[in-house]
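Some notes on the structure that comes next.
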Amino acid sequence: MSKTSVLLGIETSCDDTAAAVLVDGKLASSVVSSQPQHVEFGGVVPEIASRAHEKLLVSVVESALQKAGVKKNDLTGLVVTKGPGLIGSLMVGVSFTKALSVGLCIPFIGVNHLEGHLASLFLSEQTPPYPHLCLIVSGGHTQLMRIDAPGKFLILGKTRDDAAGEAFDKVGKIMGLDYPAGPLIDKLSVSGNRAFHSFPRTRLKGYDYSFSGIKTSVLYYLNSFEEEERLIHLQSSLPDLCASFQEAVVDMLLSPVKKAVKDTGIRHVGLVGGVSANSRLRKRMSGLMDAQHGQMYVPDMAYCMDNAAMIAMAGHLRLELGEQSALSEIANPSLKLL
Ligand SMILES: Nc1ncnc2c1ncn2[C@@H]1O[C@H](COP(=O)(O)OP(=O)(O)OP(=O)(O)O)[C@@H](O)[C@H]1O
Ligand SMILES: [Mg+2]
């Protein structure tokens with residue numbers, strides 16, 4: 001019988017300090033500590049983020065171990081996000097993990113944050129078979145992928161400018177909403193009229209995306225009002241504007257997915273990353289897959305945004321292939337998936 005695997009996952013790539021424990025591939029605990037101190041700056045301040053990780057990481061790890069009922073000495077391996085992300089933030093997680101690996105005499109593996117988002121699908125009861133397609137929609141990335149096996153990917157298309165989450169956050173800022181605006185735009189849209197204003201949908205050839213046009217279009221639309229008038233308009237029509245913007249983004253996200261399902265014949269499609277929490281995107285994607293006689297896979301809400309459970313799962317899949325990192329491994333802020 002193989003020895004029980006007890007993995008500790010650590011995620012510190014941006015502004016969430018997270019740790020999780022995975023026992024034999026099953027999630028035993030997941031703890032995420034967010035950093036509200038960035039809200040007043042309208043975005044993540046790298047220096048504040050890395051200092052906060054250093055302060056929070058020990059207690060977040062202790063809490064994850066305690067919730068899982070696991071002691072440090074029970075751990076058989078460690079997994080950490082090595083990139084992409086903010087260099088100072090990544091270095092806190094990677095250095096901590098390497099020190100723990102040496103102290104406990106157990107192996108560690110550094111994984112790509114996006115591979116973590118892809119692995120979030122394997123935290124659910126119903127997991128996708130290989131090959132499957134997966135749309136990553138997060139704060140820093142928007143890309144449509146074909147996954148043939150653990151660690152075997154192909155990027156079919158990606159954004160040429162802003163990521164979808166970035167578009168939500170930037171448009172939110174234009175509308176006067178707090179960062180990150182995605183969840184609030186989703187909430188406000190529920191009571192809004194999606195047909196209130198028709199924002200242009202950018203559709204590129206193939207499977208690529210572009211969201212800079214819609215951001216500019218919202219800005220031009222609001223700038224067409226005099227300042228006082230604009231504030232009144234925003235007050236009276238905010239849910240309608242949010243719903244109209246959101247519908248355009250969802251249309252743009254789903255168009256290449258539909259084409260990829262048709263072109264590849266692969267009918268199992270995952271949706272991951274922070275924007276996969278969006279209620280309208282989930283609903284429309286589910287409708288699209290029903291119409292294609294296919295199946296949609298999404299992580300539970302808790303594992304859409306950054307977390308360490310998905311990082312532990314990505315490491316679990318890699319360790320099962322016999323891989324591990326050397327102590328010479330270092331954080332890489334611009335790490336590529338391929
Ligand atoms: N319900 C929602 N609707 C739309 N956007 C959302 C929703 N919930 C979260 N988001 C967006 O998700 C993004 C955060 O996702 P995530 O934490 O995966 O990104 P990130 O880790 O910063 O980027 P990356 O994973 O590309 O490095 C933010 O842009 C946020 O506005
Ligand atoms: Mg992320």
Side-chain angles (χ1 to χ4, degrees), residues 7-22 27 29-39 41 43-68 72 75 77-104 106-120 123 136 138-141 165 179-180 272-274 299 302-316 318 325 327 329-337:
L7 298 182
L8 172 68
I10 289 172
E11 155 65 37
T12 62
S13 67
C14 193
D15 61 336
D16 290 304
T17 313
V21 175
L22 206 63
L27 189 64
S29 69
S30 175
V31 177
V32 181
S33 178
S34 300
Q35 302 174 3
Q37 52 269 57
H38 302 283
V39 173
F41 299 100
V44 178
V45 183
E47 177 76 14
I48 294 179
S50 44
R51 284 168 188 259
H53 285 308
E54 195 180 28
K55 224 180 198 173
L56 293 166
L57 190 53
V58 172
S59 61
V60 167
V61 165
E62 277 172 356
S63 164
L65 292 173
Q66 195 194 21
K67 283 189 175 163
K72 274 192 205 78
L75 294 171
L78 306 166
V79 189
V80 66
T81 305
K82 63 177 177 182
L86 303 170
I87 184 62
S89 293
L90 289 165
M91 281 168 72
V92 174
V94 172
S95 301
F96 180 94
T97 305
K98 288 204 283 191
L100 205 54
S101 164
V102 171
L104 296 173
I106 54 173
F108 85 98
I109 186 157
V111 297
N112 188 302
H113 178 79
L114 292 185
E115 199 173 320
H117 278 302
L118 292 172
S120 66
L123 294 165
I136 304 183
S138 59
H141 297 82
Y179 172 88
V272 301
Y303 311 117
C304 292
M305 302 284 272
D306 288 352
N307 64 87
M310 67 183 196
I311 299 303
M313 180 55 83
H316 169 71
R318 287 271 178 182
S325 296
L327 279 175
E329 184 83 271
I330 52 169
N332 180 352
S334 45
L335 185 70
K336 297 271 177 284
L337 200 48

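Fair warning: this is a prediction, and the values are worked out from it, not measured in the lab. Starting from 1, each residue takes its place in the sequence as its number.
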Fill in: Heavy atoms of other groups near Glu54 CD, more than 12 under 6.0 Å
no
Fill in: Distance in Å, Leu8 CG paired with Thr97 OG1, rounded so as to fall on 0.5 Å steps
7.5 Å
Practice prompt. Taking all heavy atoms of Ile87 and all of Pro333, pick out the closest pair and write down the distance.
Written response: CD1-CD, 3.6 Å
Discussion item. Could you measure the distance from the CE atom of Met305 to the SG atom of Cys14? Nearest 0.5 Å is fine.
Written reply: 10.0 Å
Item to complete: Taking all heavy atoms of Val272 and all of Pro299, pick out the closest pair and write down the distance.
Response: CG1-CD, 4.2 Å
Practice prompt. For Lys72 and Leu100, indicate whether the former's side chain and the latter's backbone hold a donor-acceptor pair under 3.5 Å.
Written response: no
Worksheet item: Quick check: are there more than 12 heavy atoms from other residues, nucleotides or ligands sitting under 6.0 Å from CD1 of Ile330?
Response: no
Fill in: Side chain Thr12, main chain Ser89, donor-acceptor under 3.5 Å
yes
Discussion item. Which heavy atom of Ala64 sits nearest to which heavy atom of Val21, and what is that distance?
Written reply: O-CG2, 3.8 Å
Practice prompt. Starting from the C-alpha separation in whole Å, work towards a yes-or-no answer on side chain to side chain contact (heavy atoms under 4.5 Å, CB included) for Leu118 and Leu337.
Written response: CA-CA 11 Å; Leu118 292 172; Leu337 200 48; 4.3 Å; yes
Discussion item. For a quick test of reading the model, state the closest non-hydrogen atom pair linking Ser325 to Gly110 and the distance between them.
Written reply: OG-N, 2.9 Å
Fill in: From Leu114 atom CG to Ile136 atom CD1, the distance as rounded to the nearest 0.5 Å
4.5 Å
Worksheet item: Hey, does Pro84 have a side-chain heavy atom less than 4.5 Å from the side chain of Asn112?
Response: yes
Worksheet item: Which atom pair, heavy atoms only, marks the closest approach of Leu86 to Ala49?
Response: CD1-CB, 4.3 Å
Discussion item. Side chain to side chain contact (heavy atoms under 4.5 Å, CB included), that's the test. Do Ser34 and Val32 meet it? Break it down for me.
Written reply: CA-CA 6 Å; Ser34 300; Val32 181; 4.3 Å; yes
Discussion item. Just so I know, are the side chains of Phe108 and Glu329 near enough to count as touching, which here means a heavy-atom distance under 4.5 Å?
Written reply: yes
Practice prompt. May I ask you to check whether over 12 heavy atoms, not counting those of Gln37, lie within 6.0 Å of atom CD?
Written response: yes
Practice prompt. Keeping the roles fixed (side chain from Asp16, backbone from Ala18), state whether a donor-acceptor pair exists under 3.5 Å.
Written response: no
Worksheet item: Any donor-acceptor pair under 3.5 Å linking the side chain of Thr81 with the backbone of His113?
Response: no
Fill in: Thr17 side, atom OG1; Asp306 side, atom CG - distance, nearest 0.5 Å
10.5 Å
Fill in: Donor-acceptor contact below 3.5 Å, side chain Ser101 vs main chain Ile106
yes
Practice prompt. Please round to the nearest 0.5 Å and tell me the distance separating atom CG of Asn307 and atom OG of Ser30.
Written response: 5.0 Å
Worksheet item: Any side-chain heavy atom of Ile311 sitting closer than 4.5 Å to one from Ile10?
Response: no
Response to the item:
For Tyr303 and Met310 the tightest heavy-atom approach is O-SD, 4.4 Å
Worksheet item: Under the 3.5 angstrom rule, does the side chain of Ser138 hit a backbone N or O of Gly273 as a donor-acceptor pair?
Response: no
Worksheet entry | Gln35 CD to Lys55 NZ distance, which is reported to the nearest 0.5 Å | 10.5 Å
Practice prompt. Check His316, Arg318, Lys82 against Ile109 for a side chain to side chain contact (heavy atoms under 4.5 Å, CB included) and give me the one that passes.
Written response: Arg318
